[in-house]
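Per chain, numbering begins at 1; letters A, B, ... match sequence-line order. Quick caveat: nothing in here was measured; it's all calculated off a predicted structure.
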Number of protein chains: 2
Amino acid sequence: MTESNTLKLLIIEDNKDVSGILCDFFEAQDTELDFADNGELGLSLALRYDFDAIILDVMLPKLDGFSLCKQLRASGCSTPVLMLTALDNKTDQLQGFDCGVDDYLGKPFDLDVINARIRALIKRHRGFVAQENLTFGDIDIDIAKHQVRRKGMLIVLTPTTYQILLLLVKQAPKIVKREHIIETIWGVSPPTNDVLRSHMYQLRNQLDKPFEEPMLATVPKIGFRLQLNE
Amino acid sequence: MTESNTLKLLIIEDNKDVSGILCDFFEAQDTELDFADNGELGLSLALRYDFDAIILDVMLPKLDGFSLCKQLRASGCSTPVLMLTALDNKTDQLQGFDCGVDDYLGKPFDLDVINARIRALIKRHRGFVAQENLTFGDIDIDIAKHQVRRKGMLIVLTPTTYQILLLLVKQAPKIVKREHIIETIWGVSPPTNDVLRSHMYQLRNQLDKPFEEPMLATVPKIGFRLQLNE
DNA sequence: ATGTCATTGACATTTCTTCGACAAAATTGG
DNA sequence: CCAATTTTGTCGAAGAAATGTCAATGACAT
């Protein structure tokens, strides 16, 4: 739940100096880095693994940053992308946004700025911008009171199931991956057994059992998601 | 669902020149604007109405942009905020992100850039970053839900058959080679036997059997492809 | 010390994948 | 044109994996 989870970043950059600087800077923080020195490798890593954000150079061997980002989006990946470039001109910047990047930074590479912007993107992507009252379908969550209602009926949840539901509602109706839930709740201490299942069971009992239509759906091998009952 | 919905923007800016320019520019597009010339008014408008995004000046009468944004977030509003300022310095920028803004733009106010960035923020906020639907012929795949429909009818697939269909639809109507499917699904440990045939059989049962025209065609010795039925 | 309740680990159930055996079709070579 | 051989389709059943279920544990507050 805290933001102090280790961030996983992918840096796609062929200039060793730049990637070295980024590496030194981010490794001093609570960050796990992966590198790609060409576009093709970058794209396949981005699609294969689940990063919190991607720092992407424009000029790259094999596949340029614009095409890379476009393909990434076309493949259904919505990981935040911050585009870095030595050539800072308006045309390129607009082209970048057109290709689906989230932010674009030109020449004066200021690490603190990059850091602040990356974190803003991640916050936004994860839905942690503001603590607002969340709603999805029948479900209403009052963050301040830690209260959940469905069709106005109060649903009593344990702290863990509450956190899980929070995640699900923030992403709904999209899938929330198993690992994502585990990491959010237990950090880097995967409980010996697969405890998540039990909590999902509890959550189902509380959230779905009293009602006709189940909202909590399992997506085999991937995770869970909330769905509107039709 | 498309981006052609009229955008509703709130512009919080006391400089009439700047707000005039923004007004001229955005009104030429499909945009509905609201203005506030001081911080207090801006905050109350932002909280009362549901804007797609907010353009926020830093220096404002009554309540500065930083405090405004901080209060906005604290009040549970997660509307995207783009901060504009004449004074472009690093400290202010970092402070802006600290207060929960989504983007920060300094002096050379380029309208096209503002526009591109605002739209990127809105896309991100609404969750329309990546393409999340694939279509070929009757087949519709909702990637976020891992749901497949044909002629609107829900098709239930196993994780493996889903993955295979995903590949086929992405390439359709081109041929997808056997080895390509095998490599995508099993990586570098291809099962000893020819398991793929069983999965293709399953996929046929689920995808084609309920319908008149089969879409899944075998290309002997090469692989498989989806075809449009005529 | 006692009771409550969240959490967990062990167990049961369901579902998916694999594999084998055979049938049907296509390809090849005579 | 016909057999022999390869390739693909069909399906059931066993093993593996994922998921659902619940009672015992342990932490916390009373």
Asker: Return the value, rounded to whole Å, for the distance between atom CG of A:Leu157 and atom P of C:dC5.
Answerer: 14 Å
Asker: May I have the distance from B:Ile185 (atom CD1) to D:dA17 (atom P), rounded to whole angstrom?
Answerer: 17 Å
Asker: Could you check how far CG of B:Leu216 sits from C1' of D:dT8, rounded to whole Å?
Answerer: 12 Å
Asker: Does the side chain of A:Tyr201 get closer than 4.0 angstrom to OP1 or OP2 of D:dT19 through an N or O atom?
Answerer: no
Asker: Look at the side-chain N and O atoms of A:His199 and state whether any lies under 4.0 Å from the OP1 or OP2 oxygen of C:dA6.
Answerer: no
Asker: Within the 4.0 Å heavy-atom criterion, would you say A:Thr160 contacts the bases, only the backbone, or no part of the nucleic acid?
Answerer: sugar-phosphate
Asker: Starting at CG of A:Asp194 and ending at C1' of C:dG9, how long is that distance when rounded to a whole Å?
Answerer: 11 Å
Asker: Could you list the donor-acceptor pairs under 3.5 angstrom formed by side chains in residues 16-26 of chain A, with sequence neighbours left out?
Answerer:
unit_1: A:Ser19; atom_1: OG; unit_2: A:Asn15; atom_2: O; d: 3.2
unit_1: A:Ser19; atom_1: OG; unit_2: A:Lys16; atom_2: O; d: 3.2

Asker: Taking only the side-chain nitrogens and oxygens of B:Arg178, find out if one of them lies under 4.0 Å from OP1 or OP2 of D:dT8.
Answerer: yes
Asker: In whole Å, I'd like the distance from the NE2 atom of A:His146 to the C1' atom of C:dA6.
Answerer: 16 Å
Asker: Could you work out which one of C:dT7, C:dT18, D:dT8 sits closest to the side chain of B:Trp186?
Answerer: C:dT18
Asker: Rounding to a whole Å, what distance do you find between A:Leu196:CG and C:dA6:C1'?
Answerer: 15 Å
Asker: Taking atom P of C:dC5 as reference, at what distance in whole Å does atom CG of A:Leu203 sit?
Answerer: 19 Å
Asker: Excluding sequence neighbours, so at least two apart, what forms side chain to side chain contact (heavy atoms under 4.5 Å, CB included) with B:Pro159?
Answerer: A:Pro220, A:Lys221
Asker: Choosing from D:dT19, D:dA23, C:dG9, which nucleotide comes nearest the side chain of A:Val195?
Answerer: C:dG9
Asker: Could you list all the side chain to side chain donor-acceptor pair (under 3.5 Å) pairs where at least one residue sits in residues 37-53 of chain A, not counting sequence neighbours?
Answerer: A:Asp52-A:Arg126
Asker: Kindly say whether the aromatic ring centers of A:Trp186 and A:His180 come within a distance under 6.0 Å.
Answerer: no
Asker: Identify which nucleotide among C:dT8, C:dT18, D:dG20 has an atom closest to any side-chain atom of A:Gln202, counting heavy atoms from C-beta outward.
Answerer: C:dT8
Asker: Looking at A:Thr158, does any N or O in its side chain come under 4.0 Å of the phosphate oxygens OP1/OP2 on C:dC5?
Answerer: no
Asker: Within 45 degrees of the axis of the six-membered ring of B:Phe97 and under 6.0 Å from its centre: does A:Arg117 put its NZ or CZ there?
Answerer: no
Asker: Can you pull every protein N or O that's under 3.5 Å from an N or O on nucleotides 20-29 of chain C?
Answerer:
unit_1: C:dG20; atom_1: OP2; unit_2: B:Asn193; atom_2: ND2; d: 2.4

Asker: Rounded to the nearest Å, what distance is computed from the NZ atom of residue A:Lys209 to the C1' atom of nucleotide D:dC22?
Answerer: 11 Å
Asker: How would you list, by chain and number, every residue that makes a ring-ring contact (aromatic ring centres under 6.0 Å, His included) with A:His146, sequence neighbours excluded?
Answerer: A:Tyr162
Asker: What residue pairs, at least two apart or across chains, pass side chain to side chain donor-acceptor pair (under 3.5 Å) with a residue in residues 70-82 of chain B?
Answerer: A:Glu132-B:Ser78, B:Arg73-B:Asp102
